[in-house]
Amino acid sequence: MIHLKSSKEIEYIRESCRVVVECLKMAKELVCPGLSTMELDKAIESFIRSKGGKPAFKGYRGFPGSACLSVDDVVVHGIPSEKFVLQEGQIIGVDVGVLKNGFYGDSAVTFPVGHINAEKQSLLDVTKSSLYEGIKKAIIGQRVHDISSAVQSYVEGHGYSIVRELVGHGIGRELHEDPQVPNYGKPGTGARLKSGMVFCVEPMVNMGTYEVYTKPDKWTVCTADGKPSAHFEHTIVVTEEGPMVLTQTDLF
C-alpha cells in the first residue's frame, strides 16, 4: 500500500535527508587511498549521531555497519571492515540512511578513490545521469515504470547494464515502503504517480553483465563477471510542481 505523505511528514523526511547529504559530503572528504572502510563507517555513524539521528542501516535485518560501503565489483550492501583498505583507482559506493524524528532519508553516491581511469569515470557519469533521467519522469499521472524505463534506456543506450535483482523503494516512517521502483520496465505500467508519493530512485549500473550474486555473508552483492558497478540514489517527492529531490546535493 502506498502512503501519500502530508506536508508535515515530508518536512520530517527532508530533515533526515539533510543529515544524509551532510554526511555524504563529509564522507567525500575522507575517501582516499589508505582509509579502511571500517574507519569510514565509524566516521559516518559518529556524524549521524552528532546530528541527532540514527544510522538507518545499522542492525537493519542484522546488517552490521552504519553505511553500505561497496568497492569496485560490489554492487551494494558492502560490509565495512578494518581489513578492507581503499586503494588508488578504486571506486566506492557510499549508501547512507538516517532515521530522525521517526522518518527516514536515504541517498547514495559512488566516489572515486584518488585518480580513476576513463572507463570507471564513464561508468560513474552514466549512472548519475541515468538517475536524473528517471527522476524527470516522476510527474503526477505518469507510472512508476516510466521512471524505470527511462533509467534502463539511458543506461543500455550507453553500453552498460542495469541490475534487475535490486530496486528503489518508497520511504517514510519505514525504510522500505511501497512502491518498489525498479530500474528497468515497460513504460505506462506500474502504480500511477500521485502528489505526496515519496520514494528512492537508485540505479545500480554494471560495466559488464547485469547478473549479480550474493556472497556467503548474505549481504555483499557483487557483479557476476567481476567488473565494476556504480550506484547513485536520491530520495524524491512527487509534487504538483514536478519531482522534488529531497537529497539534493552538489556532490553530483
Side-chain angles (χ1 to χ4, degrees), residues 1-31 40-61 63 65-69 76-77 80 93-111 128 131-132 134-136 138-140 144 147 167-181 193-203 231-252:
M1 179 177 176
I2 300 173
H3 174 61
L4 302 180
K5 274 69 176 182
S6 68
S7 57
K8 185 66 176 177
E9 290 173 319
I10 291 170
E11 281 308 306
Y12 281 132
I13 297 171
R14 188 194 302 274
E15 174 58 24
S16 294
C17 288
R18 285 194 188 101
V19 178
V20 170
V21 170
E22 291 174 18
C23 187
L24 287 170
K25 288 181 177 178
M26 182 274 297
K28 180 183 180 183
E29 296 300 317
L30 291 178
V31 167
L40 180 56
D41 189 72
K42 288 180 178 177
I44 287 171
E45 177 171 1
S46 178
F47 183 90
I48 293 171
R49 294 193 186 282
S50 75
K51 300 297 181 181
K54 295 181 180 178
F57 304 152
K58 190 156 193 175
Y60 181 77
R61 296 181 179 176
F63 187 76
S66 294
C68 298
L69 303 175
V76 288
H77 304 162
V94 180
D95 192 353
V96 172
V98 167
L99 173 64
K100 187 175 180 180
N101 300 316
F103 288 85
Y104 289 92
D106 189 3
S107 184
V109 181
T110 300
F111 296 114
K128 61 187 176 185
L131 169 61
Y132 287 106
I135 290 173
K136 287 179 187 175
I139 304 293
I140 293 172
V144 167
I147 299 171
V167 300
H169 53 90
I171 190 168
R173 290 186 184 276
E174 302 295 332
L175 180 58
H176 294 112
E177 299 183 357
D178 289 334
Q180 290 193 342
V181 185
L193 300 180
K194 299 179 180 178
S195 180
M197 289 176 68
V198 180
F199 50 80
C200 297
V201 183
E202 50 176 322
H231 177 211
F232 285 83
E233 175 183 16
H234 270 318
T235 298
I236 71 167
V237 55
V238 179
T239 78
E240 298 287 345
E241 291 75 34
M244 181 183 298
V245 178
L246 299 178
T247 45
Q248 188 61 55
T249 173
D250 57 4
L251 288 170
F252 63 97

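Not measured: the values here are computed from a predicted model.
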In terms of the angle between their ring planes, are Phe103 and Tyr12 parallel, tilted or perpendicular, with boundaries placed at 30° and 60°? parallel
Separation of [Y] [atom2] from [X] [atom1] (nearest 0.5 Å):
| X | Y | atom1 | atom2 | value |
| --- | --- | --- | --- | --- |
| Glu22 | Ser50 | CD | OG | 8.5 Å |
| Cys17 | Ile171 | SG | CD1 | 6.5 Å |
| Ser16 | Lys100 | OG | NZ | 7.5 Å |
| Asp106 | Leu99 | CG | CG | 12.0 Å |
| Lys28 | Thr249 | NZ | OG1 | 8.0 Å |

Any side-chain heavy atom of [X] sitting closer than 4.5 Å to one from [Y]?
| X | Y | result |
| --- | --- | --- |
| Arg173 | Glu9 | yes |
| Thr239 | Ile10 | no |
| Val198 | Ile236 | no |
| Lys54 | Arg49 | yes |
| Phe57 | Asp95 | yes |
| Val76 | Cys68 | no |
| Leu4 | Met197 | yes |
| Val181 | Glu202 | no |

Least distance between heavy atoms, [X] atom then [Y] atom:
| X | Y | value |
| --- | --- | --- |
| Tyr132 | Lys128 | CD1-O, 3.3 Å |
| Leu30 | Ala43 | CD1-CB, 3.5 Å |
| Val238 | Ile139 | CG1-C, 4.4 Å |
| Val96 | Val20 | O-CG1, 3.7 Å |
| Lys58 | Ser66 | CD-OG, 3.5 Å |
| Ile44 | Ala67 | CD1-CB, 3.8 Å |

With a 4.0 Å cut-off, would you call Lys42 and Glu45 a salt bridge? no
Do Glu11 and Arg14 sit within salt-bridge range, that is, some charged N less than 4.0 Å from a carboxylate O? yes
[X] side chain to [Y] backbone, donor-acceptor under 3.5 Å:
| X | Y | answer |
| --- | --- | --- |
| Ser107 | Glu233 | yes |
| Gln248 | Val245 | no |
| Asp178 | Ile2 | no |
| Thr247 | Thr235 | yes |
| Thr110 | His231 | yes |
| Lys5 | Ile13 | no |

Start with the C-alpha distance between Glu15 and Val98, add both sets of side-chain angles, then the distance that settles side chain to side chain contact (heavy atoms under 4.5 Å, CB included), and finish with yes or no. CA-CA 10 Å; Glu15 174 58 24; Val98 167; over 6 Å; no
Is it true that atom CD of Gln180 has more than 12 heavy atoms of other residues, nucleotides or ligands lying nearer than 6.0 Å? no
Ring center gap for Tyr104 and His169 short of 6.0 angstrom: no
